[in-house]
Amino acid sequence: MSAEELKTNNTPSIDPSLFWESSGILSKATSQGALFSLYLAMQQHALAEPIHINSADTLNDNKRGSIDSTLDALNHYPKVKLEATPSDWKNMSVLSELMKTDIATARLFHIMNPQPLAQTNNKLRLPDDVIDNCSYGTQKRVAKAYSSTIDEDNTMLFDVVEQSHAFNDNLTSRRWDESVVA
């Protein structure tokens, strides 16, 4: 057996009677009664189901899913963590000691124990050096020492009215003093 025969034996073939319908041979035979009857009789006993064409998205999803699962099964390396744990800090100190003595062993240790991507897994946290390089007002706003919102307090309205009367009295007395001096 040759390689081509093995290929043809292993792949399922499409029923050849479906070709008559899709190529138009069956419709051309309608003018010839005996040939049309023969084709129709042959088509009646076709064992294959109608051809179903998968969309490209379905094929890509199936292939992608199988490729991803195959790659995950083949990947023996540990996944990189987002947040540092106490064991990661110990691994980093071991790695720094290995870097001083043996680079090859240090590279192997680093591949076997990858360092985490960040100290904390908090997307809203800003590093201290970034905050230190900001303006003083920004530092205070980040530390929540300053606020740009004022809560409304209607009970303080009386105090504002009292202070305005005192201000008016002070202003009118000053004008009186200036007019007397002049």
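Note: hydrogens, waters and symmetry copies are ignored here, and every other heavy atom, side chains too, is used.
A donor-acceptor pair under 3.5 Å is formed between the side chain of Gln139 and the backbone N or O of Ile131. Under the 3.5 Å distance criterion, the side-chain polar atoms of Asn133 are left unmatched by any main-chain donor or acceptor of Val130. Within the 3.5 Å criterion, the main-chain N or O of Cys134 finds no donor-acceptor partner in the side chain of Thr138. In this structure, Thr105 contributes its side chain and Asp102 its backbone to no donor-acceptor pair below 3.5 Å.
Atom-to-atom distance recorded for Thr120:OG1 and Leu117:CG is 12.0 Å, nearest 0.5 angstrom. Atom OG of Ser87 sits about 7.5 Å away from atom NZ of Lys90, to the nearest 0.5 Å. Atom CG in Leu95 sits 5.5 Å away from atom CD in Gln115 (nearest 0.5 Å).
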Verdict with supporting geometry, Glu83 and Asn122, side-chain contact (heavy atoms from CB on, under 4.5 Å): CA-CA 9 Å; Glu83 184 176 12; Asn122 184 359; over 6 Å; no

Criterion side-chain contact (heavy atoms from CB on, under 4.5 Å) on Lys81 and Asp88, from CA distance to verdict: CA-CA 9 Å; Lys81 295 182 243 174; Asp88 292 322; 3.1 Å; yes

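At a threshold of 4.5 Å between non-hydrogen side-chain atoms, the residues Pro116 and Met92 count as touching.
Minimum interatomic distance between Phe36 and Ala29 (heavy atoms only, all atoms of both residues): CB-O, 3.1 Å.
At most 12 heavy atoms of other shown residues, nucleotides or ligands fall within 6.0 angstrom of atom CD in Gln119.
No continuous path of hydrophobic side-chain contacts links Leu98 to Leu108 [ILVMFWY only; heavy atoms under 4.5 Å].
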